[in-house]
Amino acid sequence: MSSDFYTTFIQPHSGIIIKICRAYTNTQEDFEDYYQEVCLQIWRSKDNFQNKSDWSTWVYRLSVNVCLTLLKKKKNNVQHFASDYLPPEIEEESKAFQDEDLSLLYDAIRKLSEIDRAIILLYLEEKSYQEIAETFNATPNNIGVRIKRIKERLKKLLHGKVN
Amino acid sequence: MEKSIENIWKKGFINQEALVAPKINALYEKKSIHFVDKFIRDFKINLWAIALFTIVPLILSIIGNVIVLGIIICAALLYLVYYGHQQLKALNGLEKTNTSYDYIIQFDAWLKNIINGYTKIYRFVYPLVLIISTLGIWETFLKDEIVKHYEASELLWGMPKFGLLMVAIGAILLSVFAKKIYYFDMNLMYGSQFRKLKEMIAEMEELKNEE
């Protein structure tokens with residue numbers, strides 16, 4: 001991958017890639033692996049990009065798909081990293097953000113199902129229901145209901161933890 | 001003010017340090033090591049399976065009272081295990097501190113070498129297994145029943161010449177096509193890994209050329 005490609009096509013979207021990868025990983029090592037794999041997949045699949053959507057939307061979709069695939073592979077190999085159970089030492093390691101509240105929010109997001117994580121990340125990135133619905137092949141109404149449920153779940157998970 | 005998840009998200013990412021991307025380097029480092037480790041694991045399992053399987057012809061030969069034949073097959077199979085084990089030792093010597101590309105190229109060379117080695121061994125082992133198995137079956141089940149249907153002139157070493165000819169042709173064919181049979185066998189077991197390896201090398205070369 002040329003550094004030009006990285007600088008022009010990936011780096012401007014590195015923020016969203018980082019946010020997605022963080023949501024699907026528990027350790028810094030995994031995060032770096034996922035990030036690299038997403039970048040590599042973007043480079044590999046660049047010729048498949050058709051101007052049907054924005055480059056950023058395409059990058060988002062691809063990043064989520066890569067993370068889901070890697071997570072599935074990992075789950076097949078190591079069962080004890082289920083999303084609803086984080087061993088204390090890993091929970092500790094997952095605090096990759098200096099902002100304590102953001103760390104707690106990420107921990108809560110990691111406890112959601114894989115698809116719910118993807119939906120809430122798009123919502124937090126201020127994508128419209130329409131855009132989210134297109135990504136998941138659903139209706140905007142369904143997405144709205146789902147987001148409401150996810151937010152309720154997150155609130156419960158964060159209850160008493162956020163200052 | 002209540003901290004909504006939207007506010008936590010926005011505030012958390014105002015600090016740009018939270019969005020520092022990891023350096024993209026050694027892209028294939030882990031991948032290539034994992035790939036080789038997985039291959040070694042599968043290869044060891046395969047060797048163990050062959051080693052355990054040697055018991056089968058041995059037991060059958062004891063039951064059929066042709067124990068020498070059983071020992072020959074057993075020895076041939078154990079030699080396959082021994083050869084594989086020796087090659088694995090050589091694989092452990094691969095330099096993991098090399099670049100991923102060099103590491104995987106070294107592994108590819110090792111793989112080609114072991115496939116060539118096994119192909120040569122199988123040129124003898126496949127025919128040997130056919131000859132010994134036929135002899136074993138002949139001695140145990142067929143000898144007494146079949147010999148009486150043949151004239152003495154049709155027999156060679158107490159066996160029908162036609163049968164011997166068929167086994168000889170079969171053995172020669174197995175030896176000639178040993179490479180194809182072995183490749184077919186390897187593809188069944190490691191086909192997807194071989195394809196991955198090919199793709200990985202092609203991709204690494206493409207990445208190198210774009211640098």
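Keep in mind that what you see is a predicted model, and the values were worked out from it rather than measured.
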- Would you say B/K120 has more than 12 foreign heavy atoms packed within less than 6.0 Å of its NZ? no
- ring-ring contact (aromatic ring centres under 6.0 Å, His included) filter on A/W58, not counting sequence neighbours, yields A/F49, A/W55
- Task: Run the numbers on A/Y106 and B/I8 for side-chain contact (heavy atoms from CB on, under 4.5 Å), then give the verdict.
- Result: CA-CA 10 Å; A/Y106 253 102; B/I8 296 171; over 6 Å; no
- Region of A/L154 in contact with chain B, defined by heavy-atom distances below 4.5 Å: side chain
- Query: Heavy-atom count around B/N113 CG within 6.0 Å, excluding the residue itself: above 12?
  - Reply: yes
- Which residues pass the side-chain contact (heavy atoms from CB on, under 4.5 Å) test with B/I63, sequence neighbours left out? B/I59
- Take atom CE in B/M166; do more than 12 heavy atoms of anything else shown fall under 6.0 Å from it? no
- Message: At a 4.5 Å cut-off on heavy atoms, which part of A/I109 comes close to chain B: side chain, backbone, both, or neither?
- Response: side chain
- Item | Contacting region of A/E126 [heavy-atom separation from chain B under 4.5 Å] | side chain
- Message: I need the A/I120 CD1 to B/E6 CD distance, nearest 0.5 Å.
- Response: 7.5 Å
